[in-house]
Amino acid sequence: MQTVLETLRSPRRLTTEILAGLVTSLALIPEVVSFAVIAGVDPKVALYTSCIMAMTIAFVGGRPAMVSAAAGATALVIAPLVASHGLDYLIAAVWLAGAVQILLAVAGVAKLMRFIPRSVMIGFVNALAILIFTAQLRHLFDVPWAVYPLVAAGIAMIVFIPKLTTAVPAALIAIVVLTGIVVLFGLDVPDVADQGDLPSGFPTWMIPDVPLTVETLRIVAPYAVGLALVGLMESLMTAKLVDDLTDSHSDKTREAWGQGVANWAGALFGGMGGCAMIGQTMINVKEGRARTRISTFLAGLFLLVLCVTIGEVVGAIPMAALVAVMLVIAVTTLDWHSISPRTLKLMPLSETLVMAVTVVVTLLTDNLAIGVVSGVLTAMVAFARRVAHMTRIHTADADGVRTYRVSGELFWASSNDLVYQFDYANDPDRIVIDLTDAEVWDASTVATFDSVLHKYAERGKSAEIVGLDGASLRRLEQLSGKLDVS
């Protein structure tokens, strides 16, 4: 992973980071403004949030080149609070959400990322690509005819220019060229200015005017927790995605508390809260080839400077140019290999189901975090079901003793039916349950064996468990006889 210091010493690498930050900042504007509409706040609030969060996360975040700003998922969470109680309560909720994220980071929530299966990650990527694509469709319907050749020209430039040169991001060239064409020929097409008013001054401090009471906490706490969880989920998943794209590792714990600090910083200036911006991060990393914190910081700085100083110029950028950029990002982000007929034929059905659930739930809720949680839960159920069916029981008789040899992983899913595998009425007076090839994982399994021993005892028969060692034996000795099996 290239460091900031190494980048500053390399003019070529630094230029790449600067240009990546510039094109990312331009792509942020229409997205952020649309999220402000969803949240029910002034577009300036969302833009200020994005500026401050991007510049802050560049210092405190754990994933270089990832961009955090006012995001769609967080906008959906806070919209009801804004509608019912206004901006001051929103800022209070963002403050509390930042605190929750920092506490969760200290508690080690980032370590839970190891439990997200590959199939969920693929579903996350594919759902992301579909959401980016569908988000552009509103800019392609009921628009002047000139929009379509502009979008087509933009896509062509982004695809073919890298074959000629990579000195300047193709997305930036497309934006500049299409803006020049629109201005030169006076084309009447939707532009950035049509999406909402841009800021005309720098952000100022804002302390929320809310009473410090238990009632205020009751109002903002549910939204703060939702904001914190959704923001962390999307940020950590995006960080993992960037790790894979750049073949580098990031500090997920630092990213978790960094999101909290960034939300605090945004709230100081009346921000609406946010998290990692997945589409813009892809622009920064894939199209801009950025790899350091410099691009993230400059994306926030450029966004602020462009809006405040040359807002009219930025407002003249045709939406067709930005739509072209996002469409290419959507197509290149989708994991086409994962949905090819050959892959689907070879892939276990449970893996395909997990990926499909992640995608479908995400699209239905328009929330990547909910989709990921649904995918993980589906994966857990599929795994438990698969492991449960790996338990086997074999019997052997010798010298008036019947031995039940149990093999496999014994936990709640595999041991619940175990109690019915013994022939209590017809077994001889002595029974041995051999667990040499088994592992006891939970209290449910211990309770099951207690029940088995109890059923034999009721019939005056002797049953014993043998073959356990290590943690399984300790678990059995610690819990056996102490669980209610009546």
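Using modelled atom types and a 3.5 Å distance limit, the side chains of Glu255 and Ser250 yield no donor-acceptor pair. Side-chain contact, Thr7 with Ser10: no donor N or O sits under 3.5 Å from an acceptor N or O. When only modelled atom types and interatomic distance are considered, Arg63 and Ser248 share a side-chain donor-acceptor pair under 3.5 Å.
Taking OG1 of Thr343 as the start and CE of Met355 as the end, the distance is 9.0 Å to the nearest 0.5 Å. To the nearest 0.5 Å, the span separating CD1 on Ile52 from CE on Met55 amounts to 4.5 Å. Taking CD1 of Ile38 as the start and CG of Asp366 as the end, the distance is 7.0 Å to the nearest 0.5 Å. With rounding to the nearest 0.5 angstrom, the CG atom of Leu306 is 6.0 Å from the CD1 atom of Ile29. In this structure, OG1 in Thr296 is found 12.0 Å from CD in Gln280, a value given to the nearest 0.5 Å. Here the CG atom belonging to Leu164 is positioned 12.5 Å from the CE atom belonging to Met157, to the nearest 0.5 angstrom.
For Leu212, the CG atom sits in a loose shell: 12 or fewer heavy atoms of surrounding residues, nucleotides or ligands are nearer than 6.0 Å. Few gaps surround CZ on Phe269; more than 12 heavy atoms of other groups in view lie less than 6.0 Å from it. Heavy atoms of other residues, nucleotides or ligands lying less than 6.0 angstrom from CG of Asp209 number 12 at most.
Residues Arg289 and Thr166 meet the side-chain proximity criterion, which asks for heavy atoms closer than 4.5 Å. Side-chain contact between Met282 and Thr332 is absent, with no heavy-atom pair separated by less than 4.5 Å. Annotation: side chain of Ile278 is in contact with side chain of Phe124 (closest heavy-atom distance under 4.5 Å). Between Val60 and Trp257, the closest side-chain pair of non-hydrogen atoms falls below 4.5 Å. A 4.5 Å side-chain heavy-atom check between Met277 and Phe35 finds at least one atom pair inside the cut-off. Between Val151 and Ile155 the shortest side-chain heavy-atom distance falls below 4.5 Å. For the pair Pro144 and Asp188, the minimum side-chain heavy-atom distance is 4.5 Å or more. Within the 4.5 Å cutoff, no side-chain heavy atoms of Arg291 are placed close to those of Pro64.
Counting only distance, with no hydrogens or angles, the side chain of Asp191 and the backbone of Ile317 share no donor-acceptor pair below 3.5 Å. A donor-acceptor pair under 3.5 Å is formed between the side chain of Asn284 and the backbone N or O of Ala65. No donor-acceptor pair under 3.5 Å is formed between the side chain of Asn263 and the backbone N or O of Trp95. With hydrogens and angles disregarded, a donor-acceptor distance shorter than 3.5 Å links the side chain of Tyr148 to the backbone of Leu140. With Ser25 contributing its side chain and Leu22 its backbone, the two residues share a donor-acceptor pair below 3.5 Å.
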Fill in: Audit row: Leu131, Thr362, side-chain contact (heavy atoms from CB on, under 4.5 Å) steps and yes/no
CA-CA 9 Å; Leu131 286 177; Thr362 298; 3.7 Å; yes
Worksheet entry | Worked check of side-chain hydrogen bond (donor to acceptor under 3.5 Å, both in side chains) between Ser235 and Thr238 | CA-CA 5 Å; Ser235 298; Thr238 305; over 6 Å; no
Worksheet entry | Criterion side-chain hydrogen bond (donor to acceptor under 3.5 Å, both in side chains) on Thr292 and Glu17, from CA distance to verdict | CA-CA 7 Å; Thr292 74; Glu17 296 289 317; 2.9 Å; yes
Fill in: Worked check of side-chain contact (heavy atoms from CB on, under 4.5 Å) between Val177 and Ile181
CA-CA 6 Å; Val177 170; Ile181 291 174; 4.0 Å; yes
Worksheet item: Could you walk me through whether Ile219 and Leu81 pass the side-chain contact (heavy atoms from CB on, under 4.5 Å) check?
Response: CA-CA 8 Å; Ile219 293 171; Leu81 178 62; 3.9 Å; yes
Worksheet entry | Chi angles and distances behind the side-chain contact (heavy atoms from CB on, under 4.5 Å) call for Glu351, Val120 | CA-CA 9 Å; Glu351 299 284 317; Val120 173; over 6 Å; no
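Here the closest heavy-atom approach between residue Met66 and residue Thr281 is recorded as CG-OG1, 3.7 Å. Across all non-hydrogen atoms, the minimal contact from Leu172 to Val168 is CD2-CG1, 4.1 Å. Closest of all the heavy-atom pairs between Ser338 and Asn126 is OG-ND2, 3.1 Å. Taking every heavy atom of both residues into account, Leu322 and Leu26 meet most closely at CD1-O, 3.8 Å. Heavy-atom minimum distance, Val147 versus Pro190: CG2-CD, 3.9 Å. Scanning all heavy atoms of the two residues, the minimum distance from Ile57 to Ala54 falls at CG2-O, 3.4 Å.
Electrostatic pairing of Asp244 and Arg118 does not count as a salt bridge here, judged by no charged N lying under 4.0 Å from a carboxylate O. Under the 4.0 Å criterion applied to side-chain N and carboxylate O atoms, Glu215 and Arg218 are assigned as salt-bridge partners.
Residue pairs meeting the ring-ring contact (aromatic ring centres under 6.0 Å, His included) criterion with at least one partner in residues 276-332, sequence neighbours excluded, are Phe59-Phe297.
Looking at Leu96, Ile91, Leu90 one by one, the single match for side chain to side chain contact (heavy atoms under 4.5 Å, CB included) with Val94 turns out to be Leu90. Of the residues listed (Ile102, Leu103, Leu104), the one engaging Val100 in a side chain to side chain contact (heavy atoms under 4.5 Å, CB included) is Leu104, and it is the only one. When the options Met53, Gln259, Gln101 are evaluated for a side chain to side chain contact (heavy atoms under 4.5 Å, CB included) with Cys275, the one that passes is Gln259.
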